[in-house]
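Inspection log for the structure reproduced underneath, given as structure tokens.
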There are 2 protein chains.
Amino acid sequence: MPDTLTRLPSAQPDAPVQAAHDRVYRGLRQQIMHGELPPGHALTLRGIGKAFEVSMTPAREAVRRLSAEGALTLSASGRVTTPELSNDRIEELAQIRALLEPELGSRALRRAHLALIDRMEAINESNARAVNLHDPVNYIRTNLEFHRTLYLRAQSPAILGLLETVWLQLGPTMRVLYTRLRRTTPPPYHRHILEALRAGDDAALRLAIRTDVTQGLKHLQN
Amino acid sequence: MPDTLTRLPSAQPDAPVQAAHDRVYRGLRQQIMHGELPPGHALTLRGIGKAFEVSMTPAREAVRRLSAEGALTLSASGRVTTPELSNDRIEELAQIRALLEPELGSRALRRAHLALIDRMEAINESNARAVNLHDPVNYIRTNLEFHRTLYLRAQSPAILGLLETVWLQLGPTMRVLYTRLRRTTPPPYHRHILEALRAGDDAALRLAIRTDVTQGLKHLQN
DNA sequence: CATGACGCACTGTGATCACATTTGCCCGAA
DNA sequence: TTCGGGCAAATGTGATCACAGTGCGTCATG
């Protein structure tokens with residue numbers, strides 16, 4: 001049992017005292033979504049437990065939760081790996097993104113204001129830096145942050161939640177994708193998205209988002 | 001530890017020897033999706049364990065998995081209940097259905113054959129019987145089966161998987177909905193769906209599905 | 001050199017237990 | 001009657017353990 005100090009309310013008053021399994025869940029989730037792990041990477045409950053300094057029990061619960069979201073694959077014998085997606089599955093997930101994200105963008109458009117667009121602009125610059133440094137993890141992270149910043153304005157938590165599970169499933173695959181291709185320019189359609197936002201043009205925004213989403217994953221022909 | 005007999009391969013050769021936590025998961029999942037539990041219904045790990053004749057451990061894993069799918073709600077202190085959805089959340093989930101289901105229907109249309117339509121027709125009759133008997137559980141079950149039978153033909157497992165988690169979240173809410181309203185006629189748009197399928201009319205099918213999905217949940221004004 | 005069988009280390013599963021927290025209820029006071 | 005305090009039962013959490021199945025490396029054999 002860890003020190004009782006870890007059970008005391010944290011310094012930040014609104015931060016709930018997170019349970020061990022939740023801490024493990026969040027840690028693993030971030031690693032997967034940001035593409036820190038390649039597809040097919042094997043994990044063990046004891047290894048996860050050691051990494052987060054907990055026993056197998058919270059590790060197991062975090063794994064169970066993540067596999068329910070499709071972020072991890074369980075073999076028939078219970079072995080845990082990051083998912084290796086077939087081409088069909090990748091295409092299907094891209095189609096889901098192409099279905100949900102324009103809808104979220106459109107909903108956000110009505111509530112968008114200048115400060116939001118400025119923030120997205122700044123994130124996009126971080127994204128461009130990550131491209132120059134050939135840093136896949138930061139590339140994926142800032143790319144998702146760009147999209148999420150917009151979608152948060154849609155005030156549609158259920159749709160966004162669903163979308164995040166799709167992102168999760170694609171995390172390891174995106175890693176190999178962005179590691180493989182050595183671009184030096186940021187995603188071109190981010191500019192289109194920003195322009196459509198400024199213009200308040202719904203149709204253009206939907207098209208730009210759909211293209212951005214589809215484009216990125218099209219390069220992946222196994 | 002249960003009898004070792006339960007570990008032996010089952011009589012059906014292709015039925016995998018399901019782990020205890022998986023059996024619990026499937027049992028609870030069905031209860032929730034079919035509307036056997038009202039919203040806000042409280043569950044306990046020890047109670048679940050006793051009901052399925054297992055210890056707390058598999059019960060906890062099943063609950064963790066279901067709550068990751070939105071089928072159960074965990075309070076801050078870890079208490080487990082079926083979700084009580086706000087009106088906003090219900091509308092949002094209905095909009096997701098209205099987004100995904102016409103797409104699945106359209107994909108299935110290209111592969112649909114007469115035997116499929118006949119099967120759907122038969123399910124629809126079971127559905128009508130459930131309406132007459134004012135049997136919410138069988139109503140929900142046959143209604144979902146009607147839709148799923150069609151969507152399975154879409155050959156889009158990722159989208160269908162996502163959609164099923166939406167159905168799961170709506171299960172308890174649908175129970176109160178269908179218990180409250182005392183109709184004697186089956187959902188009228190099922191006929192439209194079948195007609196559009198027979199005619200091979202994509203636009204009509206999309207509209208019929210969207211209307212069927214939206215209609216059902218519109219009656220729910222808290 | 002290739003191949004297959006053996007065995008051991010490793011891994012997930014489920015039961016059990018101690019513990020801290022929460023919940024619900026009862027009783028007494030205003 | 002209503003509100004509040006306190007206690008006991010109930011509940012989730014996490015650690016630990018025994019066990020069975022898996023998988024991989026090794027070694028012997030062809």
Side-chain angles (χ1 to χ4, degrees), chain A residues 1-10 13 15-28 37 40-69 71-84, chain B residues 1-10 13-28 37 40-68 71-84:
Chain A
M1 188 65 96
D3 208 34
T4 55
L5 274 176
T6 61
R7 287 241 149 217
L8 290 179
S10 94
V17 188
Q18 49 186 350
H21 65 86
D22 208 51
R23 193 163 50 81
V24 177
Y25 166 78
R26 269 196 272 269
L28 283 179
L37 306 175
H41 182 85
L43 297 170
T44 65
L45 298 184
R46 287 171 177 86
I48 294 168
K50 187 168 291 187
F52 288 89
E53 297 183 311
V54 296
S55 78
M56 290 173 60
T57 310
R60 224 195 309 188
E61 297 189 45
V63 164
R64 202 64 71 190
R65 201 170 155 191
L66 286 164
S67 71
E69 297 177 338
L72 289 174
T73 301
L74 298 187
S75 80
S77 65
R79 299 303 229 275
V80 187
T81 59
T82 53
E84 293 184 283
Chain B
M1 187 64 94
D3 209 33
T4 54
L5 274 177
T6 62
R7 287 238 150 218
L8 290 179
S10 94
D14 58 345
V17 189
Q18 48 187 352
H21 66 85
D22 208 53
R23 191 163 50 83
V24 176
Y25 166 77
R26 269 197 272 269
L28 283 179
L37 305 175
H41 182 85
L43 297 170
T44 66
L45 298 184
R46 287 171 177 85
I48 294 168
K50 186 167 291 185
F52 288 88
E53 297 184 311
V54 295
S55 78
M56 290 173 60
T57 310
R60 223 194 312 186
E61 298 188 43
V63 163
R64 202 63 72 189
R65 200 170 156 191
L66 286 165
S67 71
L72 289 173
T73 301
L74 298 186
S75 81
S77 65
R79 299 305 229 269
V80 187
T81 58
T82 53
E84 294 184 282

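The chains referred to below are lettered A, B, ... by the order of the sequence lines, with proteins before strands, and numbering in each begins at 1. Computed from a predicted model, the values in this text were never measured in an experiment.
Using modelled atom types, no side-chain atom of A:Ser67 and backbone atom of A:Thr73 make a donor-acceptor pair closer than 3.5 Å. The main-chain N or O of B:Gly40 is found under 3.5 Å from a side-chain atom of B:Thr82 such that the two form a donor-acceptor pair.
By the 4.5 Å heavy-atom criterion applied to side chains, A:Val80 and A:Leu74 are counted as neighbours. Looking only at side-chain heavy atoms (C-beta outward), A:Asp22 and A:Arg65 come within less than 4.5 Å of each other.
Scanning all heavy atoms of the two residues, the minimum distance from A:Leu66 to A:Tyr25 falls at CD2-CE1, 3.5 Å. When all heavy atoms of B:Val54 and B:Ala20 are compared, the pair lying nearest together is CG1-CB, 4.0 Å.
Here the P atom of nucleotide D:dA15 and the CE atom of A:Met56 are 11 Å apart, to the nearest Å. Atom CZ in B:Arg46 sits roughly 13 Å away from atom P in C:dA18 (whole-Å rounding). Rounding to whole angstrom units, NZ of residue B:Lys50 and P of C:dA15 are separated by 14 Å. Atom CZ of B:Phe52 and atom P of C:dG14 are 14 Å apart (whole Å).
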Report each atom pair, protein N/O against N/O of nucleotides 22-24 of chain C, whose distance is under 3.5 angstrom.
none

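Listed nucleotides C:dT16, D:dT13, C:dT13 differ in distance to A:His21; the shortest reach to its side chain belongs to D:dT13. Among the nucleotides D:dG14, D:dG12, C:dT16, the one closest to the side chain of B:Val80 is D:dG12.
Rounded to the nearest 0.5 angstrom, B:Glu84 CD and B:His41 NE2 are separated by 12.0 Å. Summarising the geometry, atom NZ belonging to B:Lys50 is positioned 13.0 Å from atom OG belonging to B:Ser55; distances are rounded to the nearest 0.5 Å.
Nearest-nucleotide positions on DNA chain D for B:Leu45 and A:Val54 put B:Leu45 closer to the 5' end.
Using a 4.0 Å heavy-atom distance criterion, A:Ile48 is classed as making no nucleic acid contact. Contacts of A:Leu43 with the nucleic acid, taken as non-hydrogen atoms under 4.0 Å apart, involve only primed sugar atoms and P, OP1 or OP2.
Of all the residues in residues 57-64 of chain B, B:Thr57, B:Pro58 reach under 4.0 Å from DNA chain C with at least one non-hydrogen atom.
Every residue meeting the side-chain contact (heavy atoms from CB on, under 4.5 Å) condition with A:Ala59, not counting sequence neighbours, appears here in chain and number order: A:Ile48.
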